[in-house]
Q: 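Take this structure first; my questions come after.
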Amino acid sequence: MLDIDFIRKNPSEFDNALKSRNVESISKRIIKIDEEKRNTQTILQNILAEKNLLSKKIGIGKSKKENVDSEIKKVEKLNNEISSLKELEKIKIDELTAILNRIPNIPAKDVPIGDNENDNIEYKKYGNKPKFNFIPKKHFELGENLNLMNFELSSKLSGSRFVVLKGIMSKLERAIATFMLDKHTLENGYTEISVPFLVKDSSLYGTGQLPKFAEDLFTAGENHWLIPTAEVPLTNLVREQILLENELPSRFTAYTPCFRSEAGAAGKDTRGMLRQHQFTKVELVSVTTPDQSEKELERMLNSAESILRDLEIHYRIVTLCTGDMGFAAKKTYDIEVWLPGENAYREISSCSNCGDFQSRRMNTKIKKDNKNIYAHTLNGSGLAVGRTLIAILENYQTQDGNVLIPECLQKYFDNKKTLI
RNA sequence: GGAGAGAUGGCUGAGCGGUUGAAAGCACCGGUCUUGAAAACCGGCAACGAGGCAACUCGUUCGUGAGUUCGAAUCUCACUCUCUCCGCCA
């Protein structure tokens with residue numbers, strides 16, 4: 001949710017920002033409805049003031065046993081006007097929020113302008129592509145050959161875009177998650193939270209998935225949705241609260257399954273476990289004051305990177321351009337991990353500063369100098385566990401089809417050095 | 001699933017038709033005192049919106065939504081959530 005006051009005062013800046021995000025310019029329409037709303041409110045409030053005054057008079061008059069019939073008649077007349085003005089006001093408010101709800105965040109000033117992922121800008125790189133003296137296999141070839149990854153079974157159970165992992169492969173997934181949680185809680189200063197995987201509309205509205213992106217989500221029963229990311233429950237932890245400045249920043253992490261319908265991704269990455277309806281992820285969320293959020297984004301990125309550095313896997317980081325950013329984000333870094341089997345970089349983490357966009361929707365404030373200001377929220381993957389598993393398989397594979405266990409994970413495997 | 005109780009400001013908690021946006025306490029902020037701190041004392045302290053250059057004025061809000069009334073935190077109805085007891089269950 002954007003600040004209507006900002007739109008009122010900076011209509012052309014607002015329109016330009018939307019244009020850079022491939023959204024049509026609508027400041028004129030917004031300002032017009034907003035004016036109508038405020039005009040209605042001004043008239044309505046004057047009448048309400050008049051009514052309140054009369055009611056007070058009636059109260060005093062009655063206690064003195066005076067005749068107040070004419071006052072009562074006046075109020076009855078006013079009540080008719082009030083109800084129709086209230087209706088009009090509601091129409092205008094609904095009209096306005098319907099538009100504002102679906103407008104994405106304004107990009108930060110240092111975000112590159114562009115249309116799509118081709119305009120993203122490389123921010124930094126870590127390590128080098130590994131060299132193989134054989135042709136590296138893709139993760140699903142490795143997994144299926146080892147009989148530890150099965151897509152026929154999962155399709156029997158649940159259809160396409162699922163996977164069944166077995167034995168040591170299943171344990172690898174668990175070890176990766178444990179390693180990430182240990183790292184983030186012990187070294188990176190995040191508090192581990194165990195959260196619900198089902199949430200209400202209002203939570204998804206708060207983080208920005210609803211109302212615009214309902215088709216990307218799975219529903220569960222009448223009143224619940226499956227979380228598409230732990231960002232939703234973690235960020236909503238601070239909804240409808242006034243936080244104290246000296247308790248910030250809050251840093252939360254959670255290991256959860258994520259459920260996505262992948263509605264618009266038909267035919268994309270259909271083989272393997274790169275793009276699934278269900279996957280697990282360790283999520284990072286920070287809540288800060290506005291002046292700290294830029295710094296916090298760099299810190300969060302570094303926390304996410306620390307996992308891949310420990311795993312000694314090559315990656316690069318790109319700054320997403322305006323056209324490629326998510327709805328709630330002001331600025332986003334993607335970490336793209338190198339996959340030798342794919343011979344490509346693939347997204348493994350996305351770290352975003354949402355500014356006050358989500359906190360406006362959630363009504364999360366900070367008491368600062370005796371004033372209440374909107375908090376800033378950030379979220380990032382730290383990291384997607386399934387894709388990390390893919391990255392380990394492809395980067396640590398050996399010629400005989402086995403996989404080396406990265407050193408930082410060996411303690412979870414009784415110091416074993418290879419998967420089998 | 002059955003029975004009962006409740007939802008008030010950052011927190012605790014009074015109010016149960018008419019200057020009650022709401023007592024009191026805690027927390028917080030400012031001041032006096034103190035070498036400094038604490039204590040004590042004095043003062044301030046809800047949010048959101050509309051209007052105004054501003055001092056300020058007005059409106060809305062006591063879980064949510066409707067209703068009764070000239071007037072609702074207070075009465076009625078529905079819903080949501082929380083707590084206690086019983087049953088069932090990982």
Side-chain angles (χ1 to χ4, degrees), chain A residues 1-9 30-101 194-206 210 220-225 233 236-250 257 287 289 356-375:
Chain A
M1 176 73 71
L2 292 170
D3 182 5
I4 182 76
D5 204 47
F6 169 81
I7 301 173
R8 277 204 286 255
K9 286 174 181 156
I30 292 173
I31 288 170
K32 181 168 174 279
I33 297 170
D34 178 55
E35 260 170 26
E36 291 168 349
K37 185 203 90 176
R38 280 152 63 213
N39 288 340
T40 309
Q41 279 179 330
T42 305
I43 298 166
L44 173 64
Q45 288 175 6
N46 286 337
I47 297 176
L48 283 171
E50 200 180 329
K51 174 192 166 176
N52 289 342
L53 224 62
L54 281 168
S55 287
K56 221 166 247 181
K57 245 190 207 171
I58 292 167
I60 295 165
K62 276 206 168 176
S63 70
K64 289 183 185 164
K65 311 250 175 184
E66 289 170 1
N67 187 310
V68 288
D69 289 357
S70 74
E71 276 80 6
I72 290 177
K73 261 188 200 138
K74 274 188 203 163
V75 173
E76 278 170 350
K77 218 178 253 172
L78 288 179
N79 276 339
N80 290 331
E81 288 181 58
I82 288 167
S83 67
S84 65
L85 278 168
K86 273 192 176 165
E87 247 170 76
L88 184 61
E89 185 199 24
K90 188 176 183 307
I91 289 168
K92 291 300 163 190
I93 289 174
D94 288 350
E95 228 176 303
L96 199 59
T97 46
I99 297 173
L100 291 177
N101 278 343
S194 179
V195 292
F197 306 152
L198 298 179
V199 293
K200 315 193 274 189
D201 301 14
S202 53
S203 295
L204 287 156
Y205 173 78
L210 289 179
E222 291 280 300
N223 300 311
H224 291 103
W225 306 74
N236 277 281
L237 246 29
V238 295
R239 71 176 294 118
E240 289 154 49
Q241 282 183 56
I242 300 172
L243 309 166
L244 296 176
E245 191 184 4
N246 59 18
E247 289 169 358
L248 296 177
S250 289
V287 182
T289 52
D356 61 11
F357 189 82
Q358 293 178 323
S359 69
R360 280 178 190 280
R361 291 175 160 243
M362 298 188 298
N363 200 16
T364 301
K365 304 228 172 168
I366 299 168
K367 181 77 71 185
K368 190 177 162 84
D369 304 326
N370 257 328
K371 279 187 179 165
N372 295 335
I373 56 168
Y374 283 109

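Since the model is a prediction, treat every value here as computed from it, not as a measurement. These values consider heavy atoms only, across backbone and side chains, with no hydrogens, waters or symmetry-generated copies.
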Q: Measuring from atom CG of A:Asn363 to atom OH of A:Tyr374, what distance do you get when rounded to the nearest 0.5 angstrom?
A: 5.5 Å
Q: Rounding to the closest angstrom, what is the interatomic distance between B:A72 and B:C29 at atom P?
A: 38 Å
Q: Taking B:G30 as the reference, what is the distance to B:G18 when you measure between their C1' atoms (whole Å, please)?
A: 36 Å
Q: Give a yes or no on whether a salt bridge exists between A:Glu81 and A:Lys77, defined as a side-chain N under 4.0 angstrom from a carboxylate O.
A: no
Q: When the C1' atoms of B:C81 and B:C26 are considered, how many whole Å apart are they?
A: 26 Å
Q: May I ask you to say what A:Lys57 touches in the nucleic acid, namely base, sugar-phosphate or nothing, with a heavy-atom cut-off under 4.0 Å?
A: nothing
Q: State plainly whether the residues A:Lys92 and A:Glu95 are in salt-bridge range, i.e. N to O under 4.0 Å.
A: yes
Q: Taking donor-acceptor contacts at under 3.5 Å, does the side chain of A:Gln241 reach the base of B:G10?
A: no
Q: Working to the nearest 0.5 angstrom, can you tell me the gap between A:Ile373 CD1 and A:Thr289 OG1?
A: 6.5 Å
Q: Does B:G71 have OP1 or OP2 under 4.0 Å away from a side-chain N or O of A:Lys51?
A: yes
Q: Students often get this wrong, so: under 4.0 angstrom with heavy atoms, is A:Lys74 touching a base, only sugar-phosphate, or nothing?
A: nothing
Q: Which part of the nucleic acid does A:Glu71 contact within heavy-atom distance under 4.0 Å: base, sugar-phosphate only, or nothing?
A: nothing
Q: side-chain hydrogen bond (donor to acceptor under 3.5 Å, both in side chains), that's the test. Do A:Asn79 and A:Lys51 meet it? Break it down for me.
A: CA-CA 8 Å; A:Asn79 276 339; A:Lys51 174 192 166 176; 3.2 Å; yes
Q: Between A:Asn52 and B:U60, does any side-chain N or O lie under 4.0 Å from OP1 or OP2?
A: yes
Q: Only pairs with both distances under 3.5 Å count, Watson-Crick or wobble alike; so what is the partner of B:A39 in this structure?
A: none
Q: Which listed nucleotide (B:G51, B:A47, B:G49) is nearest to the side chain of A:Thr42?
A: B:G51
Q: Once you round it to whole Å, what is the distance between C1' of B:A47 and CZ of A:Arg360?
A: 15 Å
Q: Measure from CG on A:Asn223 to C1' on B:C79 and round the result to the nearest Å.
A: 12 Å
Q: C1' atom, B:U74 versus B:A23: distance in rounded Å?
A: 16 Å
Q: Which value, in whole Å, describes the distance between the P atoms of nucleotides B:A46 and B:A24?
A: 13 Å
Q: Would you say A:Arg38 reaches B:G49's phosphate, i.e. side-chain N/O to OP1/OP2 under 4.0 Å?
A: no
Q: Tell which nucleotide pairs with B:A23, taking only Watson-Crick or G-U wobble pairs whose two distances are both under 3.5 angstrom.
A: none
Q: Please measure how far the C1' atom in B:G13 lies from the corresponding atom in B:U8, and state the result in whole Å.
A: 9 Å
Q: Just name whichever nucleotide pairs with B:G49, Watson-Crick or G-U, keeping both distances under 3.5 Å, else none.
A: B:C58
Q: Given B:G59, B:C70, B:G51, identify the nucleotide with an atom nearest to the side chain of A:Ala49.
A: B:G59
Q: Taking the C1' atom of each, how far is B:G21 from B:G59, in whole Å?
A: 13 Å
Q: Look through every strand shown and name the nucleotide pairing with B:C85 as Watson-Crick or G-U wobble, where both distances are under 3.5 Å.
A: B:G2
Q: So do the side chains of A:Leu243 and A:Lys365 get within less than 4.5 Å of each other, counting heavy atoms only?
A: no
Q: If you pin A:Ile58 and A:Gln41 to their nearest nucleotides in RNA chain B, which one's is more 5'?
A: A:Gln41
Q: Please determine, for B:C28, whether a Watson-Crick or G-U wobble partner exists with both distances under 3.5 Å, and give it or none.
A: B:G44
Q: Could you check how far CG of A:Leu78 sits from P of B:U69, rounded to whole Å?
A: 17 Å
Q: Separation of A:Asn363 atom CG from B:U61 atom P, in whole Å?
A: 17 Å
Q: Tell me: CD of A:Gln45 to C1' of B:U61, nearest whole Å?
A: 13 Å
Q: By the 4.0 Å heavy-atom rule, please label A:Asn46 as base, sugar-phosphate, or nothing.
A: nothing
Q: Any side-chain N or O of A:Lys365 under 4.0 Å from OP1/OP2 of B:G10?
A: no
Q: Would you say that A:Lys32 contacts A:Glu35 through its side chain, given a criterion of any heavy-atom pair below 4.5 Å between the two side chains?
A: no
Q: Does A:Arg8 reach a base, just sugar-phosphate, or nothing at all? Heavy atoms under 4.0 Å.
A: sugar-phosphate
Q: Does some side-chain heavy atom of A:Ser202 sit less than 4.5 Å from a side-chain heavy atom of A:Leu204?
A: no
Q: If pairing requires Watson-Crick or G-U wobble contacts with both distances under 3.5 Å, which nucleotide is the partner of B:G63?
A: B:C79
Q: Using the C1' atom on both, measure B:G67 against B:G17 and round to a whole Å.
A: 15 Å
Q: Distance check needed: B:C48 P versus A:Asp5 CG, whole Å only.
A: 13 Å
Q: I need the CG-C1' distance between A:Asn79 and B:G71, as an integer number of Å.
A: 10 Å
Q: Quick check: on RNA chain B, is the nucleotide nearest A:Ile72 upstream (toward 5') of the one nearest A:Leu53, or the reverse? Name the residue that is more 5'.
A: A:Leu53
Q: Just how far, in rounded Å, is C1' of B:A50 from CG of A:Asp34?
A: 11 Å
Q: Find the partner of B:A90: check Watson-Crick (N1-N3 plus N6-O4 or O6-N4) and G-U wobble (N1-O2, O6-N3) distances, both under 3.5 Å, and reply none if neither fits.
A: none
Q: Of the options B:G59, B:C48, B:C70, whose atoms approach the side-chain atoms of A:Glu76 most closely?
A: B:C70
